[in-house]
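Everything below concerns the one structure shown next.
Model, not experiment: these values are computed from the prediction.
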Amino acid sequence: METPLRIELQPGQALFHEGEPPDTAYLIESGQIEVRAHQSGRPVLLSLLGPGDLVGEMAVIDDSPRTASAIALSHCVLFPIDRSQIAERLAATDPIVRSLLESQLKRYRGALAALQGMPQAPGLLPVTPSERLGIGRIRLESQLREALAGRGLELGLQPLLDVDRNQVAGYEALVRWNHPERGPISPAEFVALAEETSLIVPVGEYVMDAACEAVAALVRAGHGSPFVAVNVSARQLGHPGLVERIVARADAARLPRGSLKLEITESQALDYTLVGEVISLCHGHGIKVALDDFGTGYSHLAHLHRLDFDVLKIDQAFSRHMLADPRAMSVVEAIVQLGRALSAEIVVEGVETPAQLEVLRRLGCQFAQGYLIGRPRLLQEILAAA
């Protein structure tokens with residue numbers, strides 16, 4: 001049976017009763033609804049709801065029989081919300097939010113059971129898979145805060161080869177976390193978790209500090225004047241004083257301004273005005289800015305039209321297939337020509353074979369990065385191998 005688009009109730013009419021199946025929730029458009037349960041056979045008022053309130057949603061969310069009755073106190077107009085509408089939104093929501101909701105539901109069910117004299121202890125209710133996932137993410141976030149405070153994150157440095165000179169010119173800074181219980185945790189997991197919260201800012205500051213320390217140590221050890229490229233997220237870009245703090249760190253470590261580069265990778269559309277201001281500030285201080293993973297996701301041509309990037313990093317999705325796939329090769333060639341026309345340097349990621357490197361040399365690419373050039377290593381390993 002198809003759910004009506006709206007329903008009307010007259011005063012005293014029941015919307016639903018205790019014990020009924022939870023097929024639908026409702027949004028109150030007008031009127032007032034009384035929600036009541038029974039304690040020792042007597043009705044107990046739980047809440048009075050009016051326009052803009054939801055009613056009946058808790059039973060739908062945890063798929064349990066109605067634990068209260070809803071009665072119209074006046075003429076009411078309500079919009080039914082089908083179970084599938086709620087299920088779709090819950091499936092797409094943040095797991096931490098979903099976990100908090102399920103915990104709240106447990107407490108509500110436990111309190112209502114106690115009110116009705118039913119022997120139900122909230123602490124004995126089973127933990128749902130989504131609740132377990134959300135609690136796990138909350139725990140991981142707390143542990144990440146601890147790792148930051150205790151300098152428990154590590155910085156991997158992956159070399160970038162100057163193709164023409166055939167020597168390492170710099171490194172990309174890649175943050176790593178060796179969890180005391182789980183072992184190495186993928187950056188895709190914990191960096192994404194940090195980006196959901198304000199943690200991405202201190203993580204970024206942590207990486208910037210470690211990058212400055214790495215450059216200074218490499219210079220002291222006679223590795224020339226390498227640069228270190230550091231990824232920054234949209235949340236970091238929007239944090240006031242980003243560039244000024246980078247410059248202050250470089251000055252405190254007595255590093256040349258070109259020792260640090262910024263790489264911007266965005267999982268959502270870029271704020272052109274904000275990024276343009278950051279790039280302008282960076283250029284004023286001699287800091288180059290790269291557009292990472294160019295050619296994938298949101299890294300499209302409009303970025304080049306409106307933003308003055310110094311470096312384009314060609315994603316490995318193209319470079320890994322360019323020898324076997326003429327279309328992939330054409331894309332790489334086109335991006336190299338585009339970069340040359342824009343006076344931008346080209347870094348090609350995912351270089352794993354000498355044949356790939358030879359093609360990049362023929363095309364005139366400035367830098368190559370990948371396992372052929374070197375895997376990410378800790379600073380101490382790089383210094384020990386010299």
Decide salt bridge (Lys or Arg N to Asp or Glu O under 4.0 Å) for Lys313 and Glu172; before the verdict, give the C-alpha distance in whole Å, the side-chain angles of both, and the deciding distance to 0.1 Å.
CA-CA 12 Å; Lys313 296 193 72 173; Glu172 179 180 358; 3.1 Å; yes
Nearest-0.5 Å distance that lies between atom [atom1] in [X] and atom [atom2] in [Y]:
| X | Y | atom1 | atom2 | result |
| --- | --- | --- | --- | --- |
| Leu199 | Leu148 | CG | CG | 6.5 Å |
| Leu73 | Leu9 | CG | CG | 11.0 Å |
| Ile7 | Gln13 | CD1 | CD | 8.0 Å |

Between Asp293, Val289, Leu307, which is the residue that forms a side-chain contact (heavy atoms from CB on, under 4.5 Å) with Ile264?
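Output: one option passes, namely Val289.
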Is [X] salt-bridged to [Y], cutoff N-O under 4.0 Å?
| X | Y | answer |
| --- | --- | --- |
| Arg66 | Glu20 | no |
| Glu18 | Arg36 | no |
| Arg327 | Glu333 | no |
| Glu141 | Arg145 | yes |
| Glu189 | Arg182 | yes |

Partners of Ser47 by side-chain contact (heavy atoms from CB on, under 4.5 Å), sequence neighbours excluded?
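So Ser47 forms a side-chain contact (heavy atoms from CB on, under 4.5 Å) with Val35, Leu49.
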Non-hydrogen side-chain atoms of Val55 and Phe16 separated by less than 4.5 Å
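A side-chain contact exists here, since the closest heavy-atom pair is under 4.5 Å.
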Is any side-chain heavy atom of Met329 less than 4.5 Å from a side-chain heavy atom of Val359?
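Answer yes - side chains close enough.
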Parallel under 30°, tilted from 30 to 60°, perpendicular over 60°: which one fits the rings of Trp177 and Phe190?
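Ring orientation of Trp177 relative to Phe190: perpendicular.
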Indicate whether the side chain of Gln236 and that of Asn231 have a donor and an acceptor atom separated by less than 3.5 Å.
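Absent: no donor and acceptor within the cut-off.
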Would the number of heavy atoms belonging to other residues, nucleotides or ligands and lying under 6.0 Å from CG of Asp162 be above 12?
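Yes - once you tally the heavy atoms of other residues, nucleotides and ligands closer than 6.0 Å, there are more than 12.
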Flag yes if Ile246 and Leu157 sit in one hydrophobic cluster, no otherwise; membership is Ile, Leu, Val, Met, Phe, Trp, Tyr, and two members link when side-chain heavy atoms are under 4.5 Å apart.
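Hydrophobic grouping puts Ile246 with Leu157.
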Is Leu27 linked to Leu48 within one hydrophobic cluster, defined over Ile, Leu, Val, Met, Phe, Trp and Tyr using a side-chain heavy-atom separation of less than 4.5 Å?
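No; tracing contacts between hydrophobic side chains, which count when under 4.5 Å, never links both residues.
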Could you check whether Lys261 makes a cation-pi contact with Phe227, meaning its NZ or CZ is under 6.0 Å from the centre of the six-membered ring and within 45° of the ring axis?
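Yes, a cation-pi geometry.
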Evaluate Glu29 against Arg6 for salt bridge (Lys or Arg N to Asp or Glu O under 4.0 Å), listing each step before the verdict.
CA-CA 9 Å; Glu29 176 69 10; Arg6 67 167 59 196; 5.8 Å; no
Could you tell me which non-hydrogen atom of Ala221 sits nearest to which non-hydrogen atom of Leu383, and how far apart they are?
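The answer is CB-CD2, 3.6 Å.
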